[in-house]
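Throughout, numbering of the chain's residues begins at 1 and tracks the sequence. In listed order, ligands and their atoms are each counted from 1.
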Amino acid sequence: MRKVYLDYAATTPVRPEVVEAMRPYWSEKFGNASSIHSFGREARIAIEQSREKIASFLNAETEEIIFTGSITESDNLAILGLTGRFPEKMGQLITSEIEHHAVLDTFITLEKRGYQVSYLSVNQEGIVNLKALEKSLKKKTLLVSVMYANNEVGTIEPIEEIGEMISALNAKEKSWRVHFHTDAATVFEYLPLDVKKLKVDLLSLGPHKFGGPKGIGILYVKKDIDLSPLTFGGHQEFGLCPGTEAVPLIVGAAKAFELAAKEKEENKKRVSGLRDRLISGVLENISDVFLTGDAGKRLPGIASFSFRDVEGEAVLLRLDKEGIAASSGSACTSGELKSSHVLLAMGIPQEEAHGSIRFSLGRETTREDIDYVLEKLPKVIEDIRKMTPKL
Ligand SMILES: *Cc1c(COP(=O)(O)O)cnc(C)c1O
């Protein structure tokens, strides 16, 4: 059976060049980078060269790059590490309603601990309300965290404008500093990512979303920012992420950055062409379906839809039988239907959010893959609609 993987936003296959780059670091170059003998020095050099390389792709300084265990950990370290420096719960915190749970749940936890958190609303396309942000910033704010692009519907957020707004405020009000964090997990393969241009203080991402290994995350921390660690032990990663470094994963991450940076323009063009083919094919051939997210300001790899009168998970299971891997914003856990917080925040009614399906395309997606989906999907939706009792 044909296999079509359209879940690149969940994770991507590790590229052969990345596997090759990592290979010696599992066995013959296995040293602990903290050891002073030649085995250790070899590992240390590999880590620092990787750090330097990744920094250059983000237009950051080498010492501003921290290796963590996942993107989730990077998000947590950014938010909890910063608030941890201000023990008196000083200043309000601002985030958006459509963040990944790695960010959202961290703020919810802080709120339970007594912090004041504002959650910015979004419009129907999933774009964060800048007017609300401007208004909210009038109160003393410690941290703003807004994602670069949404992983469920692909909407690209006005990050540069937010960075501009915050830095203008900081230039005016010298006695107080607003910090800016963005979760940029989904964008490196396609969009410009220059920490200075974006005027961010903290930025998280990870290589498994673009051909690199899992088990490693990256956090950019602007050099004048002092975070408080969440874990304690050794001196590794400037004391922010203590524990023996995952040398193979770090080397693999640097390779994934290098390849993705080199192919950015070409990838963006090719993948968005396939995405548009999928979007127009679905909208033309299936009734009662609409595109979720913004039509223009959209990640090249994301085609997300809401199908009326079907349940997302039922569609996923049927697609899986046809060899097609996609994902749904809704989850049917323990018999209870739970809709995506992102779609609900966009004002999509519960019953329509239930039928949401996300196809996320990537580097190895072909035109044949898309045509196969367009051949199978209409029948899958039709069959499920026939079986679903109308309410
Ligand atoms: C994938 C993703 C994460 C979490 O990544 P993990 O590898 O599971 O830690 C966080 N934010 C966004 C936007 C993502 O796409």
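Within 4.0 Å of ligand 1, the residues that place a heavy atom are Ser70, Ile71, Thr72, Asp75, His100, Met147, Asn151, Asp183, Ala185, Thr186, His208, Lys209, listed by chain and number.
Atoms CG and NE2, from Leu77 and His181 in turn, are 9.5 Å apart once rounded to the nearest 0.5 Å.
Taking the six-membered ring where the residue is Trp, Tyr5 and Tyr8 present perpendicular rings, their angle passing 60° and hence far from 30°.
For Ser340 (side chain) and Val342 (main-chain N/O), a donor-acceptor pair under 3.5 Å exists by modelled atom type. Judged by distance alone, the side chain of Arg385 and the main-chain N or O of Arg308 form a donor-acceptor pair under 3.5 Å.
None of Glu258, Glu263, Glu189 except one satisfies the salt bridge (charged side-chain N to carboxylate O under 4.0 Å, His left out) rule with Arg15; the exception is Glu263.
Residues forming a salt bridge (charged side-chain N to carboxylate O under 4.0 Å, His left out) with Arg275 (at least two apart in sequence, or on another chain): none.
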